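Both backbone and side-chain heavy atoms feed into the values below; hydrogens, waters and symmetry mates do not. Treat the numbers as computed from the prediction; the structure is a model and nothing was measured.
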Amino acid sequence: IEDLKVLATDGINVSVNGIDRTFRGALLCVLGDNLACHALGGFKESFSFAHRICRTCMVTKDNYKFLSKMKDCTLRTDHKHREQCDLLSGPLSEHYSKTYGINRRSVLLDVPYYSMFNGGLPHDIMHEVFEGGVALEISLLLGHCILSMKYFTLEQYNELLVNFDYDYT
């Protein structure tokens, strides 16, 4: 964290072909699977112990399955998140920890120009898309094609799946 602070403020001096230049930089994002990013961000790593289960928005465990558009969610912000982290040091810390889905204040909050909530801690595509949204969308599409449009039957679809010539990969 200290090195990132120096890089962002003072920069590093580099001499290239006899010309001295100062380069500055900042952390753009941190990549990892969802549990690792939750841990690094200070969020709950077990969703059964949190009322708010998403590190991007304030959706609750009870209603996340009913939301399909980002506009229907209240997004987390750096400012509000800092306020919520400050509540963890008070007498009701356990209550606030569960309510906001936060275990602790993240060291990432000390990195200059970095934001966990503006793309800085992206979600893991494997868990979010391939095990979540894509499965639902394919299910809805197949239901539409089979039940509404009657393009093919479920039996025909299953027959194609069983007999498809899958490559070795």
Below 4.5 Å, heavy atoms only, C-beta onward: do Leu87 and Leu92 meet side chain to side chain? no

Is the count of non-hydrogen atoms from other residues, nucleotides or ligands lying under 6.0 Å from Lys5 atom NZ greater than 12? yes

Is the side chain of Thr99 donor-acceptor paired with the backbone N or O of His95 at a distance under 3.5 Å, no angle test? yes

Test Asn103 against Leu88 for side chain to side chain contact (heavy atoms under 4.5 Å, CB included), laying out the working first. CA-CA 8 Å; Asn103 281 335; Leu88 298 179; over 6 Å; no

If you compare all heavy atoms of Leu27 against all heavy atoms of Val111, which two are closest, and at what distance to 0.1 Å? CB-CG1, 4.0 Å

Rounded to the nearest 0.5 Å, what separates atom OG1 in Thr153 from atom CG in Leu147? 11.0 Å

Report the distance from atom OH of Tyr157 to atom SG of Cys145, rounding to the nearest 0.5 Å. 10.0 Å

What are the two closest non-hydrogen atoms of Met70 and Leu75, and how far apart are they? CE-CD1, 3.7 Å

Rounded distance (nearest 0.5 Å) linking atom CG of Asn34 with atom CD1 of Ile125: 11.5 Å

Under 3.5 Å: donor-acceptor pair, side chain of Asp33, backbone of Ala36: yes

Tell me, yes or no, whether the heavy-atom count around Leu141 atom CG, taken from other residues, nucleotides or ligands under 6.0 Å, exceeds 12. yes

Approximate separation, where rounding is to 0.5 Å, of Ile53 CD1 and Tyr64 OH: 5.5 Å

Check whether Ile146 and Ile138 end up in the same hydrophobic cluster, where Ile, Leu, Val, Met, Phe, Trp and Tyr are linked by side-chain heavy atoms less than 4.5 Å apart. yes

What is the minimum heavy-atom distance between Phe117 and Thr77, and which atoms define it? CD1-C, 3.6 Å

Heavy atoms of Val30 and Cys37 approach each other most closely as O-SG, 4.1 Å

I want to check something: taking the side chain as every heavy atom from C-beta on, are Cys57 and Arg76 in contact at a cut-off of under 4.5 Å? no

Between Tyr114 and Val107, is there shared hydrophobic-cluster membership here, with clusters defined by ILVMFWY side-chain heavy atoms closer than 4.5 Å? yes

Would you find more than 12 non-hydrogen atoms of other residues, nucleotides or ligands less than 6.0 Å from Tyr151 atom OH? no

Decide yes or no on ring pair (Phe, Tyr, Trp, His ring centres under 6.0 Å) for Phe43 and His81, but give the supporting numbers first. CA-CA 11 Å; Phe43 297 97; His81 183 70; 5.2 Å; yes

Side chains of Arg105 and Asp110: does their closest heavy-atom pair fall under 4.5 Å? yes

Quick one: are Tyr166 and Leu161 in side-chain contact, heavy atoms under 4.5 Å? yes

Neighbour count >12 (heavy atoms, 6.0 Å) for atom NZ, Lys98: no

Is it true that Arg52 and Asp62 have a side-chain N and a carboxylate O under 4.0 angstrom from each other? no

Is there a side-chain contact between Leu28 and Tyr113 (heavy atoms, below 4.5 Å)? no

Work out which heavy atom in Gly11 is nearest to a heavy atom in Arg24; give both atom names and the distance. CA-CG, 3.7 Å

Distance (rounded to the nearest 0.5 Å) between Ile12 CD1 and Asp3 CG: 10.5 Å

Any side-chain heavy atom of Arg55 within less than 4.5 Å of one from His38? yes

Side-chain heavy atoms under 4.5 angstrom apart, residues restricted to Ile, Leu, Val, Met, Phe, Trp, Tyr: same cluster for Met116 and Leu4? yes

Tell me whether Phe152 is reachable from Phe164 by hopping between hydrophobic residues (I, L, V, M, F, W, Y) whose side-chain heavy atoms are closer than 4.5 Å. yes

Asn163 side chain to Glu159 backbone, donor-acceptor under 3.5 Å: yes

Quick check: are there more than 12 heavy atoms from other residues, nucleotides or ligands sitting under 6.0 Å from CG of Asp165? no

Can you pull the salt bridge (Lys or Arg N to Asp or Glu O under 4.0 Å) pairs that have at least one residue in residues 134-158, sequence neighbours excluded? none

Hey, is CZ on Phe23 packed in by over 12 heavy atoms from elsewhere, all under 6.0 Å? yes

Which value, rounded to the nearest 0.5 Å, describes the distance between Asp20 atom CG and Ser15 atom OG? 4.5 Å

Would you kindly confirm whether Leu142 and Leu154 end up in one hydrophobic cluster when ILVMFWY residues are joined by side chain heavy atoms under 4.5 Å apart? yes

List the atom of Leu40, the atom of Ser106, and the distance in Å for their closest heavy-atom pair. O-OG, 2.7 Å

Under the side chain to side chain donor-acceptor pair (under 3.5 Å) definition, can you give me all pairs with a residue in residues 84-94, not counting sequence neighbours? none

Would a 4.5 Å heavy-atom cut-off, applied to side chains only, mark Val16 and Arg21 as touching? no

Salt bridge or not for Arg104 and Glu45, using N-O below 4.0 Å? yes

Between Leu121 and Cys29, is there a side-chain heavy-atom distance shorter than 4.5 Å? no

